[in-house]
Amino acid sequence: ILNVEQSPQSLHVQEGDSTNFTCSFPSSNFYALHWYRWETAKSPEALFVMTLNGDEKKKGRISATLNTKEGYSYLYIKGSQPEDSATYLCAFNGGSQGNLIFGKGTKLSVKP
Amino acid sequence: DGGITQSPKYLFRKEGQNVTLSCEQNLNHDAMYWYRQDPGQGLRLIYYSQIVNDFQKGDIAEGYSVSREKKESFPLTVTSAQKNPTAFYLCASSLQGVEPQHFGDGTRLSIL
């Protein structure tokens, strides 16, 4: 059974703090790794899709890295803002068909 | 605006009853997916479809059925064989390959 683990489960930071969380996934049959942000009462929103080992992607204050050989990805948020409060999901894609295996998410709360 | 529409937002099922959750997209996406979320769990894949008139079982397909007669529509039927249907259901769509998935707002199903 393929498993995707995210840590920590939840995180509370102050506005302005930088933070990061981890996604661990199977290192075999890798096709892509997705990151999504899911705000309360909204639908999940795609942040990044990463396919190459060593890949690094950035979107504003959020960035992500990928290590497919050891099976992990980090998501970084620089200078957290209250609007960054959300659950961050990672999902492993082991084939071209796009069916994803999701982790349980990291719930981030940013206090003003 | 292009997007994914799920209906209804809330649905109640009586014992022994089949219910159908609607998912429509106008993004011209080939692939569509149904996920289920339970408290403390990651999103789990129920069914997915890469093309009209074709679909595959995901990790938890038992007690569910789908159809894909039109590119825009991918309804999910929760049958009476699904013994624990109370959950939050999300529909998603994507272009083929490693493209990110776009999600609807979800349907919350409860048992009366």
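So that the names make sense, note that chain A is the first sequence line, chain B the second, and so on, each numbered from 1.
A:F102 and A:F30 end up in different hydrophobic clusters when Ile, Leu, Val, Met, Phe, Trp and Tyr side chains are linked at under 4.5 Å. Under the 4.5 Å side-chain heavy-atom criterion for ILVMFWY residues, no single connected hydrophobic cluster contains both B:F103 and A:V4. Using a 4.5 Å cut-off between side-chain heavy atoms of Ile, Leu, Val, Met, Phe, Trp and Tyr, with links allowed through other members, B:L76 and B:L43 fall into different hydrophobic clusters. Transitive grouping of hydrophobic side chains (ILVMFWY, heavy atoms separated by less than 4.5 Å) brings B:V66 and B:I60 into a common cluster. One hydrophobic cluster, built from ILVMFWY side chains closer than 4.5 Å, cannot hold both A:L100 and A:L47; they sit in different ones.
Among A:P44, A:A91, A:G103, A:A46, the residue with the largest count of heavy-atom pairs under 4.5 Å with chain B is A:P44. Here B:G104 is the residue among B:G104, B:G106, B:A31 with the most heavy-atom pairs under 4.5 Å with chain A.
Contact annotation for A:L89: only side-chain heavy atoms (C-beta onward) come within less than 4.5 Å of a heavy atom of chain B. In this structure, chain A has a heavy atom under 4.5 Å from the side chain of B:L45, while its backbone stays farther away. For a residue to count as touching a neighbouring chain, one of its non-hydrogen atoms must lie under 4.5 Å from one of that chain's; by this rule B:I4 does not touch chain A.
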Write out the donor-acceptor pairs between chain B and chain A under 3.5 angstrom, atom names and distance to 0.1.
residue: B:Y48; atom: OH; partner: A:Q97; partner atom: OE1; Å: 2.7
residue: B:Q50; atom: NE2; partner: A:Q97; partner atom: O; Å: 2.6
residue: B:Q101; atom: N; partner: A:Y36; partner atom: OH; Å: 2.9
residue: B:Q101; atom: NE2; partner: A:G98; partner atom: O; Å: 2.8

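The hydrophobic cluster containing B:I51, built from Ile/Leu/Val/Met/Phe/Trp/Tyr side-chain heavy atoms closer than 4.5 Å, comprises no other residue.
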